[in-house]
Amino acid sequence: MLVAWQVEEALRRLSADHRSALIEIYFRSRSYEEVALEFGIPTGTVKSRVYYALKALRLALEELGWNGDE
Amino acid sequence: MSEACREWRGDVAALALDRLRADERARTLAHVDSCADCRAELTVLQNLSRAMIHADATRLDHEPAPPPELRDRIMLRLDGERAVVRRLSRRRVRRVLAAVAAVVLVALSAGVMLRDSGGSDRVAFAFALPDTNGSFALHRNATGTSITFTHEGLDPQDVYWLWLTDATGKRVAAGTFLGATDATTVTMQAALAIDRVVRVWVTDRDDVVILDKTL
């Protein structure tokens with residue numbers, strides 16, 4: 001339960017671009033191509049955005065006391 | 001992840017999230033198998049991906065609620081802090097009590113030594129008269145206290161009274177003596193135990209107090 005709160009709070013702290021990329025790809029299970037089309041950007045850019053979103057998410061989680069436990 | 005693997009970043013992240021097609025997945029895994037940096041990065045991102053399973057993206061638009069365990073964690077921390085404060089307070093009280101005990105011990109020792117020696121240090125004083133001074137010392141004896149009294153500058157024609165007083169205010173006469181211009185020592189006797197003496201004082205013939213020394 002604590003991890004769920006930490007992840008959700010960390011997601012709130014991401015930039016809008018990073019958050020929407022993660023939500024579409026991970027939580028809504030949409031394909032990179034589909035999201036790229038919707039956002040009007042190349043597929044590679046979506047992949048890159050998701051990567052940096054994950055890096056930012058990790059930093060935010062660590063600020064919230066996440067110790068790497070799942 | 002090194003700069004050389006920059007082009008693999010997106011695919012490694014997609015692999016961690018399990019969002020690659022079969023061909024992309026095989027290609028990325030082949031690279032990861034041969035690249036220690038990307039393997040390490042994949043481990044980190046997969047750990048993150050497993051943590052994300054617990055989250056509910058539909059809650060992101062709502063006001064964040066405190067985590068359910070927050071209250072228990074805060075209370076646990078508070079209990080810990082209180083225990084530390086209690087320990088410190090107890091330690092402080094113990095230190096103060098030890099200091100008080102040490103002072104009492106020293107005072108009692110001094111008292112015992114005073115009684116064992118049967119006397120007190122000589123106490124100097126000034127009369128409430130010009131050009132006079134003196135000192136006294138108390139000594140235990142079989143019938144009370146003897147006072148060795150030295151005075152100087154008192155009128156030789158005058159008679160003076162020496163008194164002792166106990167804690168209840170009861171006064172006991174130690175006797176009379178004549179004044180002297182030069183230093184003179186007299187020994188007098190009062191029927192009051194030395195450890196009960198709290199005040200030594202002298203009056204002149206008009207019963208005016210010219211010396212008053214509280215012990």
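Protein chains get the first letters and strands the later ones, always in sequence-line order, with residue 1 at the start of each.
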Step by step, work out the side chain to side chain contact (heavy atoms under 4.5 Å, CB included) result for B/L215 and B/R199.
CA-CA 6 Å; B/L215 304 180; B/R199 181 183 171 206; over 6 Å; no
Sort A/S29 into side chain, backbone, both or neither according to what part of it lies under 4.5 angstrom from a heavy atom of chain B.
both
Can you label the angle between the B/W161 ring and the B/W163 ring as parallel, tilted or perpendicular, going by 30° and 60°?
parallel
Would a distance-only check, ignoring hydrogens and angles, find a side-chain to backbone donor-acceptor pair under 3.5 Å from B/R19 to B/L17?
yes
Audit row: B/S34, B/R39, side-chain hydrogen bond (donor to acceptor under 3.5 Å, both in side chains) steps and yes/no:
CA-CA 8 Å; B/S34 64; B/R39 228 175 13 255; over 6 Å; no
Interatomic distance, OH@A/Y32 vs CD1@A/I41, rounded to 0.5 Å, equals 11.5 Å
Any side-chain heavy atom of A/R49 sitting closer than 4.5 Å to one from A/H18?
yes
At a 4.5 Å cut-off on heavy atoms, which part of A/R19 comes close to chain B: side chain, backbone, both, or neither?
side chain
Using non-hydrogen atoms and a 4.5 Å limit, figure out which bit of A/I25 sits close to chain B: side chain, backbone, both or neither.
both
Sort B/D56 into side chain, backbone, both or neither according to what part of it lies under 4.5 angstrom from a heavy atom of chain A.
both
Please state whether the side chain, the backbone, both or neither of B/L20 comes within less than 4.5 Å of a heavy atom of chain A.
side chain
Quick one: what part of B/E24 sits under 4.5 Å from any heavy atom of chain A, side chain, backbone, both or neither?
side chain
For chain B, which of A/Y52, A/F27, A/Y26 has the most heavy-atom pairs under 4.5 Å?
A/Y26
